[in-house]
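Keep in mind the model is a prediction, meaning the values are calculated, not measured. Chain A is the first sequence line, chain B the second, and so forth, proteins listed ahead of strands; every chain is numbered from 1.
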There are 2 protein chains.
Amino acid sequence: MTLTEENYLKALFHLSLENEEVSVLDLSKSLNIKMPTVNSMVKKLSSKELISYEKYKPLTLTQGGKRAAGLIIRKHRLVEMFLVEHLGFGWDEVHEIAEQIEHIKSQRFFDRIDQLLDFPKVDPHGSPIPDINGEVAIQNYKKLEECHEGQQATFMSVGSSQDSFLKLIDKLNLKLGDKIKVLEIQDFDKTMRVLVNNNSEQTLSQLGATKILVKLNV
Amino acid sequence: MTLTEENYLKALFHLSLENEEVSVLDLSKSLNIKMPTVNSMVKKLSSKELISYEKYKPLTLTQGGKRAAGLIIRKHRLVEMFLVEHLGFGWDEVHEIAEQIEHIKSQRFFDRIDQLLDFPKVDPHGSPIPDINGEVAIQNYKKLEECHEGQQATFMSVGSSQDSFLKLIDKLNLKLGDKIKVLEIQDFDKTMRVLVNNNSEQTLSQLGATKILVKLNV
DNA sequence: AATTTTTGTTAGACTATTCTAACATTATAG
DNA sequence: CTATAATGTTAGAATAGTCTAACAAAAATT
Ligand SMILES: [Mn+2]
Ligand SMILES: [Mn+2]
Ligand SMILES: [Mn+2]
Ligand SMILES: [Mn+2]
């Protein structure tokens, strides 16, 4: 499989998680590639039985396509983790590099990284690292936005890897695993005042709170 | 610059070190790409002022081409070193992976690896790592083959990265930095009996001794 | 139900990299 | 110094991946 094909599969995989149905237009937008190009690549991947394609119908990955995509995402996330843990990169700097290294052809290379990291289950953004069969564990975290005043939760994952969002989280001194207690929610604009790890008070916009994924503490 | 262009420059660089003059045929053989293809790529790189090209004349790198090639080789060798030192690869396993990773677009990535390795000067095969300007230090080591009976030398570099050769060196338990004393050279076939680090005796064929590069001990 | 908008497809073209076949030049060997 | 061999070049075609322009189908609006 070529780097290009791999990127199409990965994009379709991600879109399929976010949306009920995925169109050629969706894929086109997500890859920043014009529709006719996507159309022909989809046909090609369909002929390789990685994508199920019927004219004018939504796109889906075949079993094989899902597995292939999962394995690429596995490599991507292992690399991101490695870049943060061993090369000292910030979590806002690793995506672009991982986007390239995920295409390296060497099973062994990724196995070693996995081993060096002691077989991590999540990447630096809290996203699950698919297993050796490309299988992705389903996380069902809650958006912090959905929490009520007084509730306590643990910060498990980010809902966006946008640079500006990650940098904001850094600035608020929030880290995965932190305990977040909702102190107050403004009626007017849903702005949240929260207590982090029982010691630092922070304010979050509603949009920000949407992208902070948490597990409620019992 | 594309991966393909980078590989052409690198190949020409290496050939230029080994031979007085480099022909289109040499480059073609070394890249395993047919001559007409090489011919057109050479023209393209010439138009980018990376290669000096005149019809029917030997090929040379321009100043810029040399620098570009040096920088790619720098990345290649840093990666090889990293793979050996931090991911536990054998020196016979790293070339293929480095061949891919050398094309990753991220200055910072290679800077971090350089730092993590504490700015190494040589790769796992004893070859010099070009500096940040692509400048390669010239090593002038002697072939062990040229040493006389009784001489002592230090194993500095290998003259071949062929898998079978590297594996042989491993089997003989020879490592870069080892002290080698020439005990005896057979008149008949130039086979060498040597003493390694004053404790293990080994036998080397003439061909083998040609590929072991050493610095004479005074 | 007819019209408009959105989405999808086809056709044709372009660049990058590669190839084979044919021809040209240079080098080598009588 | 010619004939042959080796090397180099040109021409033309193929594949992968991309694009624009034009047309077609499906969905959304009157
Ligand atoms: Mn990422
Ligand atoms: Mn990618
Ligand atoms: Mn190498
Ligand atoms: Mn390479």
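Contact annotation: the side chain of B/Leu45 never approaches that of B/Tyr53 to less than 4.5 Å [non-hydrogen atoms, C-beta and beyond]. The shortest distance between side-chain heavy atoms of A/Leu31 and A/Thr37 does not fall below 4.5 Å. In this structure, the side chains of B/Phe155 and B/Lys175 stay at 4.5 Å or more apart for every pair of heavy atoms. Side-chain atoms of A/Leu207 and A/Phe165, non-hydrogen and from C-beta on, never get closer than 4.5 Å to each other.
The phosphate of D/dG17 (OP1 or OP2) has a side-chain N or O of A/Thr2 nearer than 4.0 angstrom. Applying the 4.0 Å criterion to OP1 and OP2 of D/dG8, one finds that B/Asn39 has every side-chain N and O outside that range. Contact annotation: A/Lys43 side-chain N/O to C/dT10 OP1/OP2 distance is under 4.0 Å.
Rounded to whole angstrom, the span from the CD atom of A/Glu6 across to the P atom of D/dG17 amounts to 11 Å. Atoms CE (B/Met41) and C1' (D/dG8) sit 17 Å apart, rounded to a whole Å. Across the protein-nucleic acid pair, A/Leu59 atom CG and C/dG8 atom C1' stand 10 Å apart, rounded to whole Å. Taking atom CE of B/Met1 as the reference point, atom P of C/dT17 lies 12 Å away to the nearest angstrom.
Each of A/Leu3 and B/Ser40 was matched to the nucleotide of DNA chain D holding its nearest heavy atom; the match closer to the 5' end belongs to B/Ser40.
Side-chain contact annotation: B/Asp163 with B/His95, donor-acceptor N/O pair under 3.5 Å absent. In this model, no donor atom of one side chain and acceptor atom of the other lie less than 3.5 Å apart for A/Asp123 and A/His76. Side-chain N/O atoms of B/Thr4 and B/Asn7 include no donor and acceptor closer than 3.5 Å.
In this structure, B/Arg112 satisfies the cation-pi test against A/Phe89, with its NZ or CZ atom closer than 6.0 Å to the six-membered ring centre and inside 45 degrees of the ring normal.
For an aromatic pair to be called close, the ring centres must be under 6.0 Å apart, and A/Phe82 with B/Phe82 satisfies this.
With B/Pro120 as reference, B/Met81 is the one residue of B/Met81, B/Arg77, B/Glu85 to meet the side chain to side chain contact (heavy atoms under 4.5 Å, CB included) rule. Test A/Arg74, A/Gln139, A/Lys121 against A/Pro128 for side chain to side chain contact (heavy atoms under 4.5 Å, CB included) and you get one pass: A/Gln139.
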Shorter than 3.5 Å, N or O on both sides, protein versus nucleotides 20-26 of chain C: list them out with atom names.
from	atom 1	to	atom 2	distance (Å)
C/dT25	O4'	B/Tyr56	OH	3.4

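DNA chain D lies under 4.0 Å from no heavy atom of any residue of residues 46-53 of chain A. At a non-hydrogen distance threshold of 4.0 Å, A/Ser23, A/Val24, A/Leu25 from residues 8-32 of chain A come into contact with DNA chain C.
Of the candidates D/dG17, C/dT17, D/dT18, C/dT17 carries the atom nearest the B/Glu5 side chain, counting heavy atoms from C-beta on.
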